[in-house]
Amino acid sequence: MKIGKAIKEAQKSGRGIARHKDEPRPCIYIPTNTSAGIIVLPNHRQAFVRWEPNLDDLTAKDWFVIG
């Protein structure tokens, strides 16, 4: 699904989003309305903040809700 739809679904249940292209161990993206922006949990490593998506990330249709 598109990133906007995935974010809306994830927001309802307090979950994150990921892309199928990153499976079997996808990065988990947690959108926030804080100064942290989008929090990223990369393949179960240390989290970082302020993810900067590229055009491919924003136009991809392989996003899904995870967590």
Side-chain angles (χ1 to χ4, degrees):
M1 73 182 72
K2 291 185 176 183
I3 191 170
K5 184 175 180 181
I7 289 171
K8 287 178 183 178
E9 284 190 25
Q11 186 179 33
K12 292 176 188 175
S13 56
R15 296 163 63 184
I17 61 172
R19 288 191 62 191
H20 285 293
K21 77 169 188 84
D22 296 330
E23 289 183 309
R25 293 183 65 191
C27 291
I28 299 172
Y29 301 87
I30 304 168
T32 73
N33 281 326
T34 69
S35 61
I38 294 178
I39 299 169
V40 182
L41 301 169
N43 300 317
H44 309 287
R45 287 182 260 151
Q46 184 175 359
F48 63 91
V49 298
R50 295 192 181 196
W51 172 61
E52 295 181 15
N54 60 35
L55 179 62
D56 289 340
D57 293 321
L58 295 173
T59 58
K61 296 180 181 177
D62 67 339
W63 290 97
F64 65 99
V65 177
I66 190 170

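Using a 4.5 Å heavy-atom cutoff, the side chains of E9 and M1 are in contact. Contact annotation: the side chain of W63 never approaches that of K2 to less than 4.5 Å [non-hydrogen atoms, C-beta and beyond].
When the shell of 6.0 Å around CD of E23 is examined, it contains more than 12 heavy atoms from other residues, nucleotides or ligands. When the shell of 6.0 Å around CG of N33 is examined, it contains 12 or fewer heavy atoms from other residues, nucleotides or ligands.
Note on D62 versus K21: no salt bridge recorded, every NZ/NE/NH1/NH2 to OD/OE distance being 4.0 Å or above.
G16 and A10 get closest at one heavy-atom pair: O-CB, 3.7 Å. Here the closest non-hydrogen pair linking V40 and P42 is O-CD, 3.3 Å. Scanning all heavy atoms of the two residues, the minimum distance from V65 to A6 falls at CG2-O, 3.7 Å. Scanning both residues, G67 and R15, for their nearest heavy atoms gives O-NE, 2.8 Å.
Without hydrogens or angle criteria, R50 side chain to S35 main chain gives a donor-acceptor distance under 3.5 Å.
With sequence neighbours excluded, no residue forms a ring pair (Phe, Tyr, Trp, His ring centres under 6.0 Å) with F48.
Side-chain heavy atoms closer than 4.5 Å link hydrophobic residues (I, L, V, M, F, W, Y) into clusters, and following such links, even through other members, never connects I39 to I7. Connection of I17 to I66 is not established within any shared hydrophobic cluster, with ILVMFWY side chains joined at heavy-atom distances below 4.5 Å, either directly or through further cluster members. In this structure, I38 is a member of the same hydrophobic cluster as I3, with clusters built from ILVMFWY side-chain heavy atoms closer than 4.5 Å.
Separation of atoms CH2 (W51) and CG (D57) is listed at 4.5 Å; rounding is to 0.5 Å.
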